2 protein chains.
Amino acid sequence: MKDVAGRAGVGLKTVSRVVNGEPGVTLETRRRVQEAIDALGFRRNDSARVLRKGRTATVGLVLEDLADPFYGPLSRAVEEVARAHDTLLINGSSAHDPCREQELALALCSRRVDGLLVVPAGPDHRYLEPEMNAGIATVFVDRPARGIAADTVLSDNHGGARSGVAHLIAHGHRRIGYIGDLPRIHTAAERLRGYRTAMEEAGLPVRPGWVSLGSTAPERVRRAAEEMLGGPDPVTALLTGNNRVTVTVVRVLAEREPHRPVALVGFDDFELADLLRPAVTVVAQDAAGLGRVAARRLFDRLERTDLPPAVVELPTRLVVRGSGELPPAG
Amino acid sequence: MKDVAGRAGVGLKTVSRVVNGEPGVTLETRRRVQEAIDALGFRRNDSARVLRKGRTATVGLVLEDLADPFYGPLSRAVEEVARAHDTLLINGSSAHDPCREQELALALCSRRVDGLLVVPAGPDHRYLEPEMNAGIATVFVDRPARGIAADTVLSDNHGGARSGVAHLIAHGHRRIGYIGDLPRIHTAAERLRGYRTAMEEAGLPVRPGWVSLGSTAPERVRRAAEEMLGGPDPVTALLTGNNRVTVTVVRVLAEREPHRPVALVGFDDFELADLLRPAVTVVAQDAAGLGRVAARRLFDRLERTDLPPAVVELPTRLVVRGSGELPPAG
DNA sequence: CTGAAAGCGCTTACAG
DNA sequence: CTGAAAGCGCTTACAG
């Protein structure tokens with residue numbers, strides 16, 4: 001910038017004015033400065049700008065896995081909102097690891113992102129309290145923060161799971177299993193609660209072998225499904241706790257082809273669910289909505305720091321396609 | 001930092017040493033500084049650090065659409081490599097728009113990312129030349145840059161498409177169609193070339209109605225598929241140009257159920273391809289490999305700026321599942 | 001082992 | 001309309 005000023009024979013501030021399109025520069029001066037900029041190939045260094053202005057025009061998004069299709073629409077929605085605010089998005093995965101979540105979130109805070117969108121992997125978020133007090137707007141998405149009060153945008157996990165199981169019950173099932181994510185994950189626990197609510201409301205017992213929580217690694221899910229279907233107390237229908245689980249269970253069911261069909265309702269919609277045979281009935285979340293609402297809240301908070309923390313819950317939608325309407329076998 | 005120094009009764013440089021874990025501080029001093037840091041809730045401001053050091057420890061990744069499943073594994077692979085280099089990832093989508101690509105890439109350069117990974121959407125990348133000369137390492141992924149010499153990591157699009165079509169020919173097809181992305185997109189053009197090569201090698205003609213290039217919007221693809229299958233000169237097999245096209249074509253074929261089956265080979269693998277009926281034979285790209293190799297090259301270049309630009313081509317793999325082995329109808 | 005001074009490249013708050 | 005000075009919060013290059 002100094003070089004540009006020198007070459008154009010003007011002061012630093014005038015260059016700054018031209019670069020930022022501020023008024024108060026004669027056309028002639030502006031032209032001379034622009035010429036120097038082009039000749040020198042000058043580009044403003046935003047790092048310096050940021051240091052002075054305070055705002056980085058950057059927000060961070062911490063999620064579990066960039067490659068999980070659930071986060072695709074969510075990320076895209078966040079990006080669209082950020083873009084409307086001329087803000088860039090730093091994207092990172094915790095890989096389901098609480099330590100990595102914290103490491104990433106704090107690294108983003110050190111970069112002085114204006115705001116932080118976090119899909120929590122960890123059990124405790126007090127580590128973010130000083131950062132939030134220091135002015136980094138923070139919104140939790142898909143799962144609530146633990147140990148601190150903060151803006152949160154969730155799906156109606158309890159209601160969704162409950163309606164999915166009620167749907168199976170309405171189609172005659174009484175022996176229904178639930179395979180979900182790790183119990184420490186809020187969504188998994190809430191969906192389990194929804195499952196239990198629906199069973200209870202129908203006066204149905206839940207046998208111990210009918211609930212299996214754990215990692216969504218295919219081997220673990222496969223084993224859980226096979227035990228539930230092949231054990232002494234087999235279920236006739238399943239609720240799967242998220243799209244990773246559903247995909248594996250669909251595989252297991254396809255391999256059992258010659259056996260009696262098992263009804264299935266999956267939590268989370270997924271591409272091609274409608275083309276499988278049977279097509280998969282799901283409790284669909286509004287993944288893009290989660291991202292959009294959370295990002296909007298983040299930018300609202302950036303403008304009004306005194307907003308009290310709020311929790312928003314987005315509805316889910318039962319999408320009937322076939323697998324959830326299979327009658328109980330036997 | 002000044003406050004910390006004041007409270008601990010030491011100089012700025014000593015605080016800096018403690019914060020960065022540099023040697024040359026007595027245990028006692030270190031303890032006093034650490035205490036002040038904790039009491040004041042101090043966190044180093046990386047913007048200032050960056051301004052001084054030159055490197056931002058950030059790389060940018062410009063792709064087409066965060067929600068396209070093809071980019072999931074690619075992004076994740078880039079992130080893993082970046083993480084190994086203690087580097088953060090700024091992720092953005094061009095939404096297939098050349099202007100947005102340029103806008104995004106230049107914004108990232110203004111932020112002084114250390115490096116840039118670009119999946120080009122635009123027809124001309126000379127706009128990046130000054131940035132690259134100014135020291136921003138740049139690697140193009142999935143498609144080559146236009147108008148400049150730069151590191152590039154590609155799939156073997158020509159060879160992959162050729163092998164896919166040869167596979168269909170080997171199964172008796174002579175009337176084969178190709179539905180692909182916009183012709184200005186390098187991968188689409190290369191895959192078309194592979195299709196033509198295979199047809200020519202088998203001595204088969206390519207009728208005008210058998211090739212359809214254009215947007216991957218479902219309506220466009222649907223129309224193209226219906227015309228090719230229902231016209232006066234119908235094909236018995238199809239090569240689809242990427243996963244977006246394949247998914248729509250699978251839908252069209254499923255709706256035609258009662259008709260004679262049409263053979264299909266899709267470019268790009270996709271989740272659940274094995275569970276469709278028929279399961280979908282694909283030419284699989286190594287999406288994670290593209291990201292990994294490109295990111296590694298980027299960090300190599302960060303260390304040795306004098307590397308000559310190189311083009312790497314990753315092999316594809318034909319995954320035989322059923323849809324590509326259907327015999328020609330009629 | 002420790003610290004004072006200069007500077008990274010901008011913007012802010014003024015003054016002319 | 002234009003510009004000189006100070007400062008954002010660090011690190012670098014020295015000196016003690």
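Each chain gets a letter, A, B and so on, in the order the sequences are listed, and its residues count up from 1. Bear in mind the structure is a predicted one, so any value in this text is a computation, not a measurement.
With no hydrogens or angles considered, no side-chain donor-acceptor pair links B/Ser94 and B/Glu64 at under 3.5 Å. Using modelled atom types and a 3.5 Å distance limit, the side chains of A/Arg143 and A/Asn157 yield no donor-acceptor pair. Donor-acceptor pairing under 3.5 Å is recorded for the side chains of B/Ser93 and A/Glu79.
Less than 4.0 Å separates DNA chain D from no heavy atom of any residue of residues 32-50 of chain A. A heavy atom lying under 4.0 Å from DNA chain C marks the following residues of residues 51-58 of chain A, by number: A/Leu51, A/Arg52, A/Lys53. In the region residues 103-115 of chain B, proximity to DNA chain C at under 4.0 angstrom, judged on heavy atoms, holds for none of the residues.
Using a 4.0 Å cut-off between charged nitrogen and carboxylate oxygen, A/Asp151 and A/Arg297 count as a salt-bridge pair. Salt-bridge check for B/Arg31 with B/Glu28: passed, with a basic side-chain N closer than 4.0 Å to an acidic carboxylate O. Classification of A/Arg292 and A/Glu80 as a salt-bridged pair fails, no side-chain N sitting under 4.0 Å from a carboxylate O. Under a 4.0 Å N-O distance rule, the pair B/Glu22/B/Lys13 qualifies as a salt bridge. Between A/Asp46 and B/Arg112, no side-chain nitrogen of the basic residue sits less than 4.0 Å from a carboxylate oxygen of the acidic one, so the salt-bridge criterion is not met.
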Distances for protein N or O near nucleotides 3-5 of chain D N or O, under 3.5 Å:
residue : atom : partner : partner atom : Å
D/dG3   : OP2  : A/Gly11 : N            : 3.0
D/dG3   : OP2  : A/Thr14 : OG1          : 2.5
D/dG3   : N7   : A/Arg17 : NH1          : 3.4
D/dG3   : O6   : A/Arg17 : NH2          : 2.8

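Under 4.0 angstrom from either OP1 or OP2 of D/dC1 there lies no side-chain N or O belonging to A/Thr26.
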Legend entry - Nucleotide pairing, DNA chain C (Watson-Crick or G-U, distances under 3.5 Å), in dot-bracket with [ ] and |: |||.||||||||.|||
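Residues passing the side chain to side chain donor-acceptor pair (under 3.5 Å) test with B/Arg17: none are found, sequence neighbours excluded.
If you measure from atom NZ of B/Lys2 to atom C1' of D/dT11, you get 16 Å, rounded to the nearest angstrom.
Comparing A/Glu22 and B/Arg30 along DNA chain C, the residue whose closest nucleotide (by nearest heavy atom) sits nearer the 5' end is B/Arg30.
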